[in-house]
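When a ligand or atom number is given, it counts from 1 through the structure's own listing order. Numbering of residues begins at 1 and proceeds along the displayed sequence. Since we're looking at a predicted model, the values are computed, not measured.
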Amino acid sequence: MQTSLAPSVTRALRLMAHFAAPLTAAVLPTSTPILASSSLATAASILQAGGLVAFPTETVYGLGASALSESAVAAIYTAKGRPGDNPLIVHVATRQMLVDLVPGGEAGIPAAYQALIEKFWPGPLSLIFSLAPSHHPPAKSAVVDAVRAGSPSVAIRMPSHPLALELIKLAGLPLAAPSANLSSRPSPTKAEHVAQDLGTGRGVGAILDGGDCVVGVESTVVDYHLSSGADGVERGEVRVLRAGGVSAEQIESCLAAAGLHGGAAARQQERVQVFNRDFVSAEMQARPTTPGMKYKHYSPSNSRVVLVQGVSGSAGAGLPSLVDVIASHQSRPPVGIATARVGLMLTMESHAELFPASHDPTALFQQLYLPGRPTERLDSYSFGSSRDAAESAQRLFAGLRTLDELIELPQAGHADAPAGTARGGVHYILLECIEEVGVGLAVMERARKAAGQSDVVHFRRG
Ligand code: TXA
Ligand code: MG
């Protein structure tokens, strides 16, 4: 039997549906204390109603939802187009929230984690806790299965961004939050990046605008295992699965200071193993989780990322040059575009060395590096100082997005946009390799993934 609802009820239902899955995410400002508190209240109520809110953290923007709600967590995967086998990090704002999620509570937190929490929380460090049956009683509260994507463990972190902490406290919920980008795209470090990827038609209720993220690469993901050696003694192993905002060196010195690692004086010897630095594992590489190469990552939509080295000095002899690379990708630029648009992400020092102030960079670049290949335009996004990996980390994703998306590329076969009209994204982003120490390791892991499996290119004169 068909029942007809009063128009006011229909209207209310429509509004509710809009609230649950709005077409366009509201961008909530936080630039004054009054704006911040009303925006936080709005965002918290959306989360409590089971909706999605993108929020700033010190690393990158996260797409948050209640980790205790099946439908809210399902909506995260749908919004991002994220494969269902890639688990999410749970964000907490207090020690109590952590303790409630860990089997055995305080007693379930290993000594190595206690030391890392003391030193790096709140901050860019995610810790993986096993939920496998053990002598510990089960956790007081459990995140829904989809957060863990079938894994017998849960990753937890306490972000240091004041807006993130405030939002989690106001909502009173642990928040599952992956980076707030479409799956496979570079992570967002500005509210505009989130709006570009998820702002329309993706069911995101709001984007809390906290300006630029200061760290710029995601948290370090750490796992902990106990294993017994040949002598039958159990030893712990701290594994860095994903390099991130806290460096492997910082983790090692924290554990050493706590007497848990290094030196004969250490009261307990915990090994620190860094994926790709100290160990590789085909089995782990095949998994979708942290070190996984299973899915495409950090890829611009239009441009091809090419890693370059040897901007100064003669390192890299024997590697292909830019001319070789561009010649081997004749399909890019697309048919109909006779000239190459090149985007540079070089350190300040390399840029200054390549382009003396007295020269026109585009003309010089073409003459020296791409002879025979007209360079229509050269765009640059500084990769910061070569002496400061933290600056390169902060600029990495924003640079990739900026150079990639100045506008969509014209369709193949179309005449290129006439000079003076909107600027197109570049065909090639030449990204300089930086030293892999400290947060430089995290930067280079992301840079390599953005470049796919392609070779590093020697930046030598053509
Ligand atoms: O800095 C960050 O970590 C950001 C902000 C928003 O907090 N979040 C973030 O989330 O980068 P996402 O989903 O983009 O990356 C989380 C990583 C994934 O590689 C996932 O496989 C891994 O953490 N992960 C999550 N839970 C895991 C678990 N139980 N075991 C192993 N890896 C896990
Ligand atoms: Mg991500």
Side-chain angles (χ1 to χ4, degrees), residues 52-65 67 73 76-77 79-93 101-102 120-132 143 145-161 163-165 167-168 174-189 193-194 197-198 208 210 213-225 239-246 275 283-299 393 397 439 442 445-446 449-450:
L52 301 181
V53 172
F55 63 96
T57 81
E58 72 282 15
T59 58
V60 301
Y61 276 75
L63 179 62
V73 171
I76 292 181
Y77 284 89
K80 276 183 61 97
R82 183 179 179 100
D85 59 355
N86 196 4
L88 309 176
I89 295 172
V90 178
H91 295 64
V92 298
L101 292 170
V102 175
F120 300 113
W121 276 20
L125 177 71
S126 297
L127 299 173
I128 297 180
F129 291 88
S130 170
L131 301 179
V143 300
D145 288 352
V147 168
R148 299 186 286 105
S151 153
S153 61
V154 61
I156 304 179
R157 96 172 182 100
M158 188 187 288
S160 64
H161 197 297
L163 289 169
L165 288 172
L167 179 64
I168 300 165
L175 298 183
S179 50
N181 50 284
L182 279 176
S183 215
S184 92
R185 301 246 308 132
S187 296
T189 57
H193 298 163
V194 182
D197 277 19
L198 303 175
L208 191 62
C213 299
V214 292
V215 177
V217 291
E218 300 87 341
S219 62
T220 305
V221 178
V222 164
D223 202 356
Y224 184 79
H225 284 271
R239 289 190 193 152
V240 177
L241 300 185
R242 175 175 75 177
V246 173
F275 186 75
E283 188 257 327
M284 279 171 81
Q285 237 149 0
R287 278 191 230 158
T289 47
T290 299
M293 300 297 284
K294 181 168 175 189
Y295 298 116
K296 210 170 128 191
H297 269 305
Y298 310 120
S299 311
F397 292 135
V439 76
E445 289 205 338
R446 283 143 185 90
K449 286 186 181 172

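Contact record, Asn181 with Pro186: CB-O, 3.5 Å, taken as the closest heavy-atom pair. Pro122 and Pro159 get closest at one heavy-atom pair: CB-O, 3.2 Å. Between Ala54 and Ala180, the shortest heavy-atom contact is CB-CB, 4.2 Å. Leu52 and Ala79 get closest at one heavy-atom pair: CD1-CB, 3.8 Å.
Atom numbering of ligand 1 starts at 1 in the shown order; those under 4.0 Å from a heavy atom of Arg157 are 1 (O), 2 (C), 3 (O), 5 (C), 7 (O). Which parts of ligand 1 touch His91 is read off a 4.0 Å heavy-atom cut-off, strictly below it: atoms 5 (C), 6 (C), 7 (O). Taking every heavy atom of Ala155 and a limit of under 4.0 angstrom, the matching atoms of ligand 1 come to 25 (C), 26 (N), 27 (C), 29 (N). Near Ala177, meaning under 4.0 Å from any of its heavy atoms, are these atoms of ligand 1: 6 (C), 8 (N), 10 (O). Short contacts between ligand 1 and Ile128, defined as distances under 4.0 Å to a heavy atom of the residue, involve ligand atoms 30 (N), 31 (C), 32 (N). Those atoms of ligand 1 with a heavy atom of Gly62 less than 4.0 angstrom away are 6 (C).
Of the possible polar contacts, none joining the Glu58 side chain to the Val214 backbone as a donor-acceptor pair under 3.5 Å is found. Looking only at distances, a side-chain donor or acceptor of Tyr77 sits under 3.5 Å from a matching main-chain atom of Ala146.
The CG atom of Leu198 sits 11.0 Å away from the CD1 atom of Ile76 when rounded to the nearest 0.5 Å. Rounded to the nearest 0.5 angstrom, Tyr224 OH and Ser130 OG are separated by 12.0 Å. Atom CG of Leu127 and atom OG of Ser153 lie 11.5 Å apart (nearest 0.5 Å).
Ser153 counts as a contact of ligand 1, since one of its heavy atoms falls under 4.0 Å from the ligand. Using a 4.0 Å cutoff on heavy atoms, Arg148 does not count as a contact of ligand 1. Distances shorter than 4.0 angstrom do not occur between any heavy atom of Pro159 and any atom of ligand 1.
Residue nearest to atom 16 (C) of ligand 1, selected from Ile89, Asp85, Thr59: Ile89 (by heavy-atom distance). Of all the listed residues (Pro87, Pro152, Ala164), Pro87 holds the heavy atom that lies closest to atom 25 (C) of ligand 1. Nearest-heavy-atom check against atom 18 (C) of ligand 1 across Thr220, Leu63, Asn86 picks out Asn86. Considering each of Arg242, Glu218, Lys80, the one bringing a non-hydrogen atom nearest atom 15 (O) of ligand 1 is Arg242.
Classification of Arg185 and Asp197 as a salt-bridged pair holds, one side-chain N sitting under 4.0 Å from a carboxylate O.
For the Mg ion (ligand 2), the nearby protein N/O/S atoms, meaning those under 2.8 Å, are Ser179 OG.
In terms of the side chain to side chain donor-acceptor pair (under 3.5 Å) criterion, residue partners of Thr57 (sequence neighbours excluded) are, by chain and number, Thr59, Arg157. Remark: Ser187 pairs with Glu218 by the side chain to side chain donor-acceptor pair (under 3.5 Å) rule, at least two apart or across chains. Contacts of Arg82 classified as side chain to side chain donor-acceptor pair (under 3.5 Å), with partners at least two apart in sequence or in another chain: none.
Classification of the His91-Phe55 ring pair by plane angle, with boundaries at 30° and 60°, yields perpendicular.
At a 3.5 angstrom cut-off on N or O pairs, Arg82 counts as close to ligand 1. Taking distance alone, with nitrogen or oxygen atoms compared against 3.5 Å, Ser179 approaches ligand 1 more closely than that limit.
With a 4.0 Å heavy-atom cut-off, ligand 1 is reached by no atom of Asp223. With a 4.0 Å heavy-atom cut-off, ligand 1 is reached by the side chain of Ser151 but not by its N, CA, C or O.
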